[in-house]
Amino acid sequence: LTKVEDGTFSLHKSLLNRSNGHNDTNTEILLGDLDNPPQSPSLWKKSPDSIANYIENKRIEGLKEREENEAAARDLNDIWDSSLKVGAAATWSNTSQCNFGNERYVFISQPSIHIPINPSLPQSIAVDGKRIFVGDVFNSAVYFFFDTNFRGRYLNSYFFCSRQFLLYFQEPGQLAMYFGSRDM
Amino acid sequence: VICLQSDSNPEGYKDVVVMDEASITHFDANGAIKAELRQSYVERFRGLDFHHGYNQFVTTEKNRLGIKVVFFSLVTGIERKLNISDRLYCPIQVSRAKCVFLKCFGNRIFVTDLGNGMILVLDLESGSSRKILHSNESPLNNLMGIDVDNYGNIVAATSADTAEGVSCNLEIFDADEKHIQTCTIQGIKPSGLCLQGNSLYLAEILSKRIDIFTLYDKSVL
């Protein structure tokens, strides 16, 4: 739909004029009014050199814009900048002195530490020197051991809200423990 | 539950961080609360570790589209999420995926997938992710625990139920994530693993105990 404002059909005339060219006599007759021919874009009036410069400038601007957009897109996926990556590697620390890749090493079993809570489902375990912490997802508790001695619940006054769990057999004779949260 | 070096007393006992269904709480060595994140999205988190380089906690979150590694702070909440499952060369079955344990080492993050029986690796340096499998490409059965030694070797605790009884298989991968050996320990079903000093600690689910193994150099014995 074309909006007609004053009956002169100026938009129609300009479009026809542009598409058919200026020397179409039929168009001149049809249009009847070429006193005010449509303005050509200013770019067309420039010299070929300036047009070439314009195109080159636009190309460079486009490249810059693309680089910026690509960098922004990369940033969405990348975690951090390179300086932080270097820092991450440099500040890494590990409490393990084992080398499991060395075949000369052998495992020697040490006395086990019994968890005197039943029923219980020990799961995650963390060790800090003589301190051992074991999470129990059955009783919503973290157990604390010091120097292999059971010291009860860690922070007995603090209530931990464990995930619910379920036990089921994947196959006959095979026991597996899965959490029962709805989105797992 | 994880232990973290205390920023106020690096030489003393470590801080303790506990993630439960509703919150993540950071206790100091004396049990006082240093920080706490109590948000509804915490219930979706699975696995916890702390990335010392980025100074942020890391966990995983799963939805129907995939698995994301989540970086967060106890002060500011979630900082960033990275999809680990959609960049895999051979996609995993997301509906089966059950991420339980997570371990950071350098610029890599290892996530155990109990459901698919594999370890997922997010490489932060290259921005890629991949899977770690057994050398025979069979899934890791009952994958319940992972840790990395100081040399970058990965230790994964798995178990198998056979006619002879249950056995724990410690699957060892080198720093290039190639499977190098399996250490079998009869009568143990691990549900958690931790390396400390020259010892390996296993939470044992059947007999409700903590099993400790020390590594010795055979040439010294």
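Because the structure is a prediction, the values reported are computed rather than measured. Naming convention: chains lettered A, B, ... in sequence-line order (proteins, then strands); numbering from 1 in each chain.
For Arg104(A), the parts lying near chain B are the backbone and the side chain together; criterion is any non-hydrogen pair under 4.5 Å. In this structure, no portion of Glu61(B) lies under 4.5 Å from any heavy atom of chain A. Neither the backbone nor the side chain of Phe173(B) comes within less than 4.5 Å of any heavy atom of chain A. If you measure heavy-atom distances from Leu48(B) to chain A, you find no contacts under 4.5 Å at all. For Ile185(B), no part sits under 4.5 Å from any heavy atom of chain A, backbone or side chain. For Cys183(B), the part lying under 4.5 angstrom from a heavy atom of chain A is the side chain only. Looking at Val1(B), the atoms closer than 4.5 Å to chain A (heavy atoms on both sides) sit in the backbone and in the side chain alike.
Under a cutoff of 6.0 Å and an axis angle of 45°, Arg131(A) and Tyr13(B) form a cation-pi pair.
Interface remark: of the candidates Ile210(B), Asp211(B), Asn153(B), Ile210(B) forms the most heavy-atom pairs closer than 4.5 Å to chain A. Here Ser120(A) is the residue among Pro116(A), Ser120(A), Gly135(A) with the most heavy-atom pairs under 4.5 Å with chain B. Counting heavy-atom pairs closer than 4.5 Å to chain A, the top residue among Asp174(B), Val18(B), Ile180(B) is Val18(B).
Aromatic pair Tyr154(A)/Phe27(B): centroids less than 6.0 angstrom apart.
Using a 4.0 Å cut-off between a side-chain N of Lys or Arg and a carboxylate O of Asp or Glu, Glu61(A) and Lys58(A) qualify as a salt bridge.
Of the residues Thr182(B), Thr184(B), Asn141(B), the one that meets the side-chain hydrogen bond (donor to acceptor under 3.5 Å, both in side chains) test with Asn169(B) is Thr184(B).
Checked by atom type, the side-chain pair Tyr201(B)/Asp147(B) shows no donor-acceptor distance below 3.5 Å.
Among all heavy-atom pairs drawn from Asp128(A) and Lys14(B), the shortest one is OD2-N, 2.7 Å.
With hydrogens and angles disregarded, no donor-acceptor distance shorter than 3.5 Å links the side chain of Ser128(B) to the backbone of Asp123(B).
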